[in-house]
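Note that the coordinates shown come from a computational prediction; the quantities given were computed from them, not determined experimentally. Per chain, numbering begins at 1; letters A, B, ... match sequence-line order.
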Number of protein chains: 2
Amino acid sequence: MRRFVVIGQKARSSDEFLLDDLPGTSGRLDVLVRCIRAAMLFSHGLRRDVVLYLVLGGGPGAPRALRVSAETARFLRPDERSLAILVKKVLASSADANASGFVEVKPGVALASGGLSDVFADLGPVPKYVLEENAPDIRAPGAKLRSDAAFFLGDHLGFQDEVRAQISAAGANAVSVGPLSLHTEDVITLVSSELDRLEAQTH
Amino acid sequence: MRRFVVIGQKARSSDEFLLDDLPGTSGRLDVLVRCIRAAMLFSHGLRRDVVLYLVLGGGPGAPRALRVSAETARFLRPDERSLAILVKKVLASSADANASGFVEVKPGVALASGGLSDVFADLGPVPKYVLEENAPDIRAPGAKLRSDAAFFLGDHLGFQDEVRAQISAAGANAVSVGPLSLHTEDVITLVSSELDRLEAQTH
């Protein structure tokens, strides 16, 4: 199972945003929404072996975390608006309010009211990587890439220092996907491609 | 200069589509619109050395081609709706109706009424590649990747036989980006990453 964790510093944790102006009203939740497509979908299909966590650090009620499990998710469409509608519907739920950990709200989509700490608890002791500029190349043999790992990614604002420290404390190895700083969704695409190549070699 | 050519078999060549239902009303122009972001934008910046052609094969008035030149384009935003609004405004123009070749409609964005033939004429004698499943790996030394090349990509429907034949006749070498069939925008991301790595090695 592949796992991606995208941390939205100011991404809205409630459903109070406008579908017609996602970048301007949602703390750039658009960045995270696009990551759903990049992590889950390929040509005419769903990558069944992916779990994606979106950590929402913005607005009243933050932090909150949303988990999408491709294995059981349904009706995931590639366009940004459809995905934003799904996220908006899920965030309208208060099922996580008095719960501990993730609570399924729709098939394959769950919410937690604890943010990153809930993600760590849910992940358990899997190998961890953090995507970072100028870190060792993910293609280098020393990266020892594993497809059952969890990959932590920042949004357009990067990581807050305390968040980066938590990820390090969890034992994550820093890797990079190339010489430029790319959009989060592109980084997911590049990591997914490395994992596809790795799995094609080993199967 | 990097050049990408995305061929939308049924993508709407007019502005008659709904921003609120892009996938359902535009012949899947959403697939092509997302390619603008993938080809042009990286973290907090615009890739100035990219030209993207979208060939629109659907609806009345087809074929038509839209060209985005990052060097002179302005206000390119990453979210799908903003990019669709830009494309809709450009397609409302009839500046290309009685013209030959590409006519600039907005800064850095031009239209042509001839479809793929106008793209070939505009490209001139640059090296050409076509992205295709099961073709030789783009990472193989034999691919002789060049960053001044033009890369041809299909949409979710792939290439029509006659289009594929035209691309072959233009001397394009077939390459692939990995073991799976991916969304067009992800293929652009993967090609861009290879070119970024190539340029980082040679500069």
So does B:Thr189 get a backbone contact from the side chain of B:Ser193, meaning a donor-acceptor N/O pair under 3.5 Å? no

Give a yes or no answer on whether the side chain of A:Arg81 reaches the backbone of A:Asp79 with a donor-acceptor pair at less than 3.5 Å. no

Interatomic distance, [X] atom [atom1] to [Y] atom [atom2] [nearest 0.5 angstrom]:
{"X": "B:Leu195", "Y": "B:Arg2", "atom1": "CG", "atom2": "CZ", "answer": "4.5 Å"}
{"X": "B:Leu91", "Y": "B:Leu86", "atom1": "CG", "atom2": "CG", "answer": "9.0 Å"}
{"X": "A:Ser176", "Y": "A:Leu131", "atom1": "OG", "atom2": "CG", "answer": "8.0 Å"}

So, B:Glu80 and A:Arg37, do they make that salt bridge, N to O below 4.0 Å? no

Heavy-atom check, side chain of [X] versus side chain of [Y], under 4.5 Å:
{"X": "B:Phe4", "Y": "B:Val191", "result": "yes"}
{"X": "A:Asp96", "Y": "A:Val105", "result": "no"}
{"X": "B:Asp196", "Y": "B:Phe42", "result": "no"}

Please list, in residue-number order, every residue in residues 106-125 of chain B that has a heavy atom less than 4.5 Å from any heavy atom of chain A; write 'none' if there are none. none

Pick from [options] with the largest number of heavy-atom pairs that fall under 4.5 Å of chain A:
{"options": "B:Arg197, B:Glu185, B:His44", "result": "B:Arg197"}
{"options": "B:Arg77, B:Arg139, B:His183", "result": "B:Arg139"}
{"options": "B:Ser192, B:Pro179, B:Gly178", "result": "B:Pro179"}

Just to be sure I understand the criterion: a residue of [range] counts if one of its heavy atoms is under 4.5 Å from a heavy atom of chain B. Which ones qualify?
{"range": "residues 45-75 of chain A", "value": "A:Arg47"}
{"range": "residues 141-174 of chain A", "value": "A:His156"}
{"range": "residues 19-34 of chain A", "value": "A:Leu19, A:Asp20, A:Asp21, A:Pro23, A:Arg28, A:Asp30, A:Arg34"}

Can you tell which part of B:Glu133 gets under 4.5 Å to a heavy atom of chain A, answering side chain, backbone, both or neither? neither

Start with the C-alpha distance between A:Ile138 and A:Leu190, add both sets of side-chain angles, then the distance that settles side-chain contact (heavy atoms from CB on, under 4.5 Å), and finish with yes or no. CA-CA 10 Å; A:Ile138 195 170; A:Leu190 293 168; over 6 Å; no

